[in-house]
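In what follows, chains are A, B, ... by sequence order, proteins preceding strands, each numbered from 1.
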Amino acid sequence: MTAVSAQTDPYRPQVWRIVEKQMETADTATLALEPKDRANAMPFEPGQFNMLYAFGGGEVPISISGDPRETGRIIHTIRAVGSVTRPLIAHERGALVGLRGPFGAGWPVEAARGKDLLIIAGGLGLAPLRPAILDALHRRSAFQRIVILYGAKDPDSLLFLGDIADWRGRPDVGFDVTVDRAGQDWHGNIGVILRLIKAAHFDPANAVAFICGPEVMMRLAADELMARDLPQDSIYVSLERNMKCAFARCGHCQFGPHFVCKDGPVFRLDRIRALLQTPEI
Amino acid sequence: MVKIKPLEDIIRSHAFFDGLTPDISSLIAGCARNVRFKAGEMIYRLGDAADTFYVVRHGRVALEMPAAGKALCVETLDGGDILNASWLVPPYTCRFDARAVDDTRAIAFDAVCLRQKCDADSAVGYDLMKRFVPVMVERLTHARIQAMDLYAGGSTAQ
């Protein structure tokens, strides 16, 4: 099969090589991948995901965590939680993996042009938001305030420490982080991310918020934003469901009338809020 | 010449006391004083009598639970927050250690003095209770959210 015909078969993964591996935490790694066949390099939008295949292990959807302006390679940040992600991050530099994608609807960074942009990340949710952050910072003048709020379990769970240092040091970015628990060597915030949202500086009449994290955290964060008068149609969340085919054929990720893999994973809150509050879905 | 702001004005300008009537602010100011804590200084310890409560003006305070020679911090409080709501509830005992993380300025209220004024004038007690209860409910909610350990699961957004 030629490369061209392989690309036209959405079920067929392309072979990519791990060219860099960085352990973010004890169980989370960032992998940089390059296509074995350079012709298979592809652009992506912030918030999109790929299906990554650990040969002999299986396939999982993983959000892209790299800079959308960086061509020729794809960055994924993966936590080892299951039978596919464990072998994926056990791979070392030079190993081959399968990749299909990119898939899905991403963060509407353009919708925030001329407005305050709030990025609210919980835990591993910072990974899918990172491309949107890098994109927005690359064209910083297109936005008013950029506020990045990040909640994590503890200081050892923080991802992208280099980025955090960079964002914290920028006078044109409002960055704050909080953890759920810490020892006395931690001098930052301890508590839920809702406290950071409550204290954040933004204009609710002219702001857009992107939220990614555990679903409960996203619901609560959205409620806190709405309590500060940010309308639902200015809030976007990234959902996770059981994505298999990744192009709305198999139905595994159906979410009411939506397919998370194709219509999402990023949704505008007003379009799905009622579904989020429906326990059966 | 630096003009010193009267304590009553400081109290009324604090977010926690937003909308306080002049009568009540004057009354509770009689139980208040300005305090400072250096970074690392203990403000109170678990088991101490809760005879003072604080409204934090600037700085950061950690609420800690001592355990096995170490301290686990459960929450940090910043300017605008209140500290030591245990002054309201018998047996009036501090439930955590409180340590200044940064240099911290606060207004300290003599809780015994304040409880007497609340007992003598229920309108004062009711006003204060309406301010404290939402904060306590919010903190209870936050504590429950933290107890859920939301970030422990691995696959979200992957």
Are [X] and [Y] side-chain neighbours, meaning at least one heavy-atom pair lies under 4.5 Å?
X        : Y        : value
B/Val74  : A/Ile190 : no
A/Asn189 : B/Asp78  : yes
A/Trp186 : B/Val101 : no
A/His187 : B/Arg60  : no

Report, as yes or no, whether the 6.0 Å neighbourhood of atom [atom1] on [X] holds more than 12 heavy atoms from other residues, nucleotides or ligands.
X        : atom1 : value
B/Arg36  : CZ    : no
A/Lys262 : NZ    : no
A/Phe55  : CZ    : yes

Pick from B/Ala71, B/Cys73, B/Ala39 with the largest number of heavy-atom pairs that fall under 4.5 Å of chain A |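 Max contact count across the listed options: B/Cys73.
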May I ask you to decide if A/Asp180's main-chain N or O and B/Gln146's side chain share a donor-acceptor pair within less than 3.5 Å?
->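 Checking the backbone N and O of A/Asp180 against the side chain of B/Gln146, a donor-acceptor pair under 3.5 Å is found.
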Under the 3.5 angstrom rule, does the side chain of A/Arg195 hit a backbone N or O of B/Thr76 as a donor-acceptor pair?
-> yes
In terms of heavy-atom proximity below 4.5 Å to chain A, should B/Leu63 be classed as side chain, backbone, both, or neither?
-> neither
With respect to B/Tyr151, which candidate in A/Val179, A/Leu124, A/Ile193 satisfies the side chain to side chain contact (heavy atoms under 4.5 Å, CB included) definition?
-> A/Ile193
Partner chain B: residue of A/Ala127, A/Pro265, A/Gly183, A/Gly151 with the largest heavy-atom pair count (under 4.5 Å) =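 Most heavy-atom pairs within the cutoff with chain B belong to A/Gly151.
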Pick from A/Ser65, A/Gly188, A/Ala199 with the largest number of heavy-atom pairs that fall under 4.5 Å of chain B |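 Maximum pair count with chain B is reached by A/Gly188.
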In Å, rounded to the nearest 0.5 Å, how long is the span from CD of B/Glu138 to CG of A/Leu194?
-> 8.0 Å
Could you give the distance from CG (B/Leu72) to CG (A/Asp154), rounded to the nearest 0.5 Å?
-> 10.0 Å
Side-chain ion pair, B/Lys70 and A/Asp185, N-O less than 4.0 Å | no
For the pair A/Arg181 and B/Glu75, find out whether any cationic side-chain nitrogen is under 4.0 Å from an anionic carboxylate oxygen.
-> no
Is it the side chain or the backbone of A/Leu129 that comes within 4.5 Å of chain B heavy atoms, both, or neither?
->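 Neither part.
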